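None of the values given here were measured: they were computed from a predicted structure.
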Amino acid sequence: MTPLDQRTDLPANLGLTLDASRGREALAVIEVQANGSLLRRWSYGEFDELVNALARGLVARGLRRGDRVGVMAANSVHALAVMLATMRAGLVSVPVNPRAGAETLAYMAEDSALRLVLADEEFLPVAKALPGAVAGTLPVLPLQGDDFTALADPGPFTAVLPGQDEVALVLYTSGSTGRPKGVLLSHRSQVLIAAGYATDFMRQCLDSGPSIVAAPLFHMNATVNTTHVFMLQGAFVLMPRFDVQGFIRAVSEHRVSVLSGVPTMTAMMAQQRQELAQADFGNVKLVVIGSAPLSATVLAQVSQMFPAASVINSYGTTETGAGYFGAHPQGQARPFMSVGHAQPHARLRLVDGEGQEVTGPDAQGVLEIHCATRMNGYQNRPELTAEKLRDGWIHTGDIMRRDTDGWYYFVGRADDMFVCSGENIYPGQVERLLERHPQVLEVCVLPLSDERRGHIPVAFVVPKPGTTPTEKQLQEHVLALAAPHLHPRRVWFIEQMPLAGTNKIDRRALVERAVGLAAAVPSGGGG
């Protein structure tokens, strides 16, 4: 088999992963509302015609190769079509989180030098308030209505053949520790990621039913989960956003075969007892959990809800994509909690705090990746690019452990580490311990400033339905399993974790909540 990074049979332009020539009548997208009800079915031919018409329209507006086109929208066929059309035309697609806040949106628009913005009706006021739009230098068009129809120029379109590292897409990171960074992603890197997911097993799954995309289009998850399905000539259900009841309904009614998500989504589904009792998940063949480690609790939930499904603990970053972890070359079964074994098209290594490679059994260090799917760099951030991309190696900032058989395990983020009474703590360490308690459904551990100890670990916990664990029970549970410094000094119980725009836990919101709760009721916990 030809290694992934040496394949020459792949489309050069990311916008051509949607290829109607293999069957114009085949189902491409099932577009649904947030509640899961059907809006419209799109065939490959219909979708391809829309993309070509938009590509023609963008060029007719005078946009030139390399110009940036912003999309501020919930997930929709129109939003996705604009992104694909932009790339076919040799322009650069810049999908942004429309709820990021006026200051952040203004920064991203200026940083990426947007030449045009297309926005949902809901977000048109936000888009028109961008400094460039107010000054009259940044046109803003709606994604619906007569103006959108007028943008489209029906007819054939010959896609631009991009250069070796030509940028197709700019995705902005969440910016949890400062301004978001624009990650420059080439056509080639993203096509390779899609091809890596377009496996024979995935083809078999999609032959049984569609995939489902509820992650926002400004996130890598959605990019990968649309393009690889297109490459396999499969179909997917497209939701405008994740709504737990709507998601359950869509998976059941549209006979979804492949779904992906984050642990929080699974935890939210597990609480919907009435909806789950009425749902039919018998067609689900594959569940991919990413963006956070897969715990025993999540695995049990997935196995109970989707008894016929294979479960994959996935790992990837915006800067490197995904697919460099996978199956063992000799067919060894993947151990529980492992993110996979190194794949032949990528080189992986673990390094210590001095940048020296860590070897030997049960090696642990920061993961660095050398792969063809890596980013070109950060938009207008040469210093950060040099810090992150070192001689072709991406420094992920993620602490990994590699066992004697070459399996990798996620430990935590290097920049999440905090010091409590002189001891290093990774929030993930404490989360894994708490998740082993039988009454814990979901947990998020955070550092809280403490005058005496520097920082202390505190936890927010969603109990399993029908259970009422106490703070003392969970503290004693961790003390019985691990060193004293790891036990959470405070435990607060909540019904549901707050979600950020990417469907991950909104840790920033929980930090603010923890500060307020701790101030209201000071801890009496020990060291």
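Counting only heavy atoms from C-beta outward, the side chains of His395 and Glu319 never approach each other to under 4.5 Å. Side chains of Leu105 and Pro98 form no contact here, defined as non-hydrogen atoms less than 4.5 Å apart. For the pair Leu232 and Met202, the minimum side-chain heavy-atom distance is below 4.5 Å. Residues Arg115 and Arg61 are not in side-chain contact: their nearest non-hydrogen atoms beyond the backbone lie 4.5 Å or more apart. For the pair Ile30/Pro210, a side-chain contact is recorded, criterion being any heavy-atom separation below 4.5 Å from C-beta on. Residues Leu238 and Trp42 are not in side-chain contact: their nearest non-hydrogen atoms beyond the backbone lie 4.5 Å or more apart. Contact check for Pro180 versus Thr104: side-chain heavy atoms found under the 4.5 Å cut-off. At a threshold of 4.5 Å between non-hydrogen side-chain atoms, the residues Val96 and Met72 count as touching.
The CG atom of Leu80 sits 4.0 Å away from the CZ atom of Phe47 when rounded to the nearest 0.5 Å. Between Leu217 atom CG and Asn75 atom CG the span is 4.0 Å, to the nearest 0.5 Å.
Salt bridge annotation for Arg508-Asp506: absent, with no cationic side-chain nitrogen under 4.0 angstrom from a carboxylate oxygen. For Asp111 and Arg68, the salt-bridge test fails: no basic side-chain N is under 4.0 Å from an acidic carboxylate O. Salt bridge absent: Glu387 and Lys181 never bring a charged side-chain N and a carboxylate O closer than 4.0 Å.
The neighbour count for Arg40 CZ, taken as heavy atoms of other residues, nucleotides or ligands under 6.0 Å away, is above 12. Heavy-atom neighbours of Asp280 CG from other residues, nucleotides or ligands within 6.0 Å: above the threshold of 12. For Asp9, the CG atom counts as densely surrounded, since its 6.0 Å shell holds more than 12 non-hydrogen atoms of other residues, nucleotides or ligands. The neighbour count for Glu110 CD, taken as heavy atoms of other residues, nucleotides or ligands under 6.0 Å away, does not exceed 12.
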Inset, instruction - Could you walk me through whether Met265 and Ile289 pass the side chain to side chain contact (heavy atoms under 4.5 Å, CB included) test, one step at a time? - result: CA-CA 10 Å; Met265 293 168 62; Ile289 304 293; over 6 Å; no
When the side chains of residues 116-139 are checked against the rest of the protein, which donor-acceptor pairs come out under 3.5 Å, sequence neighbours left out?
unit_1 : atom_1 : unit_2 : atom_2 : d
Asp120 : OD1    : Gln144 : NE2    : 3.1
Asp120 : OD2    : Ala74  : N      : 2.8
Glu122 : OE2    : Arg99  : NH2    : 3.1
Thr137 : OG1    : Gly132 : O      : 3.2

Counting only pairs under 3.5 Å, give me each side-chain donor-acceptor contact of residues 154-169, with atom names and distances, residues two or more places apart or in other chains.
unit_1 : atom_1 : unit_2 : atom_2 : d
Glu166 : OE1    : Arg65  : NH2    : 2.8
Glu166 : OE1    : Gly163 : N      : 2.7
Glu166 : OE2    : Arg65  : NE     : 3.0

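Here the shortest heavy-atom pairing between Glu431 and Cys444 reads OE2-CA, 3.5 Å.
The aromatic rings of Tyr172 and Tyr107 lie perpendicular to each other, with more than 60° between the two planes, well past the 30° mark.
In summary, the side chains of Asn52 and Arg88 do present a donor paired with an acceptor at a separation below 3.5 Å, with no hydrogens or angles considered.
A search for side-chain contact (heavy atoms from CB on, under 4.5 Å) contacts involving Arg241 returns Ala34, not counting sequence neighbours.
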